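Because the structure is predicted, anything quoted here is derived from the model rather than measured.
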Amino acid sequence: MSSQDKTNGGVSVALAAPILIYEDEWLLAADKPAGVIVHGDGTGTATLTDAVRAHLLDEGREEAAAQLQAVQRLDADTTGLVLFSLSKEVQPRLDALVAEHDGIEKRYLAIARGEVPPTLSRIDAPLARDRHDARRMRVDARGKPSLTLVRPLDVAGPPRARVSLVELTLRTGRKHQIRVHLASRGYPILGDALYGVPADRAGRAPLMLHAVSEVLAHPMTGERLALSVPYPERFAPYFSR
């Protein structure tokens, strides 16, 4: 796979070849790096979708490149697994799996500030846009139902600066859901510039949130598809695997 160029305001921007986790006739999964957006935002910034499209064109798969569509969206600073459909025939079936809530099981790893107790196993709190800051979401009784399953895995750090390694499973897919849910319980994600502590809002540390795995029934074959990406290197100073 080679990289291709995308024009950004008349400037040629090199697109790195995507790290592919899975590819067949209908689906493709890629490992998104930090700082890359999944979809275009109108600014001409190169996206993960652009990189995947370039890969498909390199393979001579023009029809798949034309019908390419990301199934999920990750925030720019969140890393990990992103699933794409490569055919218009597949997309409605994937949409149906997403609508089932448990049709696609997606798990994340996060490093949260504080010692997340084993008793915190689920956060069921509706989310809505923050009326005072368009970038943010917030817990709001009038918001959309939102459920995150929580599984604390490990704790590290000195007593006054504990951090927790947490596995999170989405049962709904709201914007910033994991970030808002953890912050609302007093365990903001390390490096979260929107919902974190003042030190994190200064933007000096990367966001410690990683989409690590996804399980679904293949929309065309019905086969159980279990996809995963490597443990993130930036987690290693805190927790090694």
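- I123 places none of its side-chain heavy atoms less than 4.5 Å from the side chain of L147.
- You'll find the side chain of L94 stays beyond 4.5 Å of the side chain of W26, heavy atoms only.
- At least one donor-acceptor pair closer than 3.5 Å links the side chain of H181 to the backbone N or O of A125.
- With hydrogens and angles disregarded, no donor-acceptor distance shorter than 3.5 Å links the side chain of S164 to the backbone of V166.
- The CG atom of D95 lies 8.0 Å from the OG atom of S85; values are rounded to the nearest 0.5 Å.
- Each side-chain hydrogen bond (donor to acceptor under 3.5 Å, both in side chains) pair with one or both residues in residues 112-130, not counting sequence neighbours, appears once here: R113-D200.
- Following chains of ILVMFWY side-chain contacts shorter than 4.5 Å, one can reach I111 starting from L153, so the two form part of one hydrophobic cluster.
- Within a 6.0 Å sphere centred on CZ of R151, other residues, nucleotides and ligands contribute 12 heavy atoms or fewer.
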Which is it for Y108 and L209 under the side chain to side chain contact (heavy atoms under 4.5 Å, CB included) test, yes or no, and what are the steps along the way? CA-CA 7 Å; Y108 291 74; L209 180 60; 4.0 Å; yes
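- A 6.0 Å sphere centred on OH of Y238 holds no more than 12 heavy atoms belonging to other residues, nucleotides or ligands.
- From Q72, atom CD reaches atom NZ of K32 across 12.5 Å, with rounding to the nearest 0.5 Å.
- Within the model, atoms CG of L168 and CG of L149 stand 9.0 Å from one another, a figure rounded to the nearest 0.5 Å.
- Here the closest heavy-atom approach between residue Y187 and residue A112 is recorded as O-CB, 3.6 Å.
- Among all heavy-atom pairs drawn from P188 and G196, the shortest one is CB-CA, 3.9 Å.
- Here the shortest heavy-atom pairing between M208 and R234 reads CE-O, 3.5 Å.
- Using a 4.5 Å heavy-atom threshold, the side chains of R131 and R138 count as touching.
- For residues 67-84, the pairs satisfying salt bridge (charged side-chain N to carboxylate O under 4.0 Å, His left out) are D75-R179, with sequence neighbours left out.
- Across V36 and L48, no two heavy atoms sit closer than the pair CG1-N, 3.6 Å.
- D50 places a side-chain N or O within donor-acceptor distance of the main-chain N or O of T47, the cut-off being under 3.5 Å.
- With contacts defined as side-chain heavy-atom distances shorter than 4.5 Å, the pair V155/V163 does not qualify.
- With a 4.5 Å cut-off on side-chain heavy atoms, L86 and E25 do not count as touching.
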Test log, rule side chain to side chain contact (heavy atoms under 4.5 Å, CB included), inputs E62 and L57: CA-CA 6 Å; E62 288 84 2; L57 291 172; 4.1 Å; yes
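- For the residue pair Q177 / T148, a side-chain donor-acceptor distance below 3.5 Å is found, with atom types taken as modelled.
- Side-chain heavy atoms closer than 4.5 Å link hydrophobic residues (I, L, V, M, F, W, Y) into clusters, and following such links, even through other members, never connects L165 to V197.
- Of the possible donor and acceptor atoms, one in the side chain of R53 sits under 3.5 Å from a partner among the backbone N and O of A65.
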Chi angles and distances behind the side chain to side chain contact (heavy atoms under 4.5 Å, CB included) call for L109, F235: CA-CA 10 Å; L109 289 175; F235 282 28; 3.9 Å; yes
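- The heavy-atom pair separating A141 from P126 by the smallest distance is CA-CG, 3.8 Å.
- Rounding to the nearest 0.5 angstrom, the gap separating the NE2 atom in H218 from the CG atom in L27 is 4.0 Å.
- For R107 and E105, the salt-bridge test passes: some basic side-chain N is under 4.0 Å from an acidic carboxylate O.
- Without hydrogens or angle criteria, R174 side chain to S146 main chain gives no donor-acceptor distance under 3.5 Å.
- Other members of the hydrophobic cluster containing V139, listed by chain and number, are L127, M137, V180, L194, Y195; membership follows side-chain contacts under 4.5 Å among ILVMFWY residues, whether direct or relayed.
- Here the side chain of Q67 pairs a donor or acceptor atom with the backbone of K88 at under 3.5 angstrom.
- Within the 4.5 Å cutoff, side-chain heavy atoms of L68 are placed close to those of L56.
- Atom CD1 of I37 and atom OG1 of T49 lie 8.5 Å apart (nearest 0.5 Å).
- Between H39 and A70, the closest heavy-atom pair is CE1-CB, 3.3 Å.
- Residues H210 and V229 meet the side-chain proximity criterion, which asks for heavy atoms closer than 4.5 Å.
- Interatomic distance, OG of S240 versus OH of Y231, reported as 7.0 Å (0.5 Å rounding).
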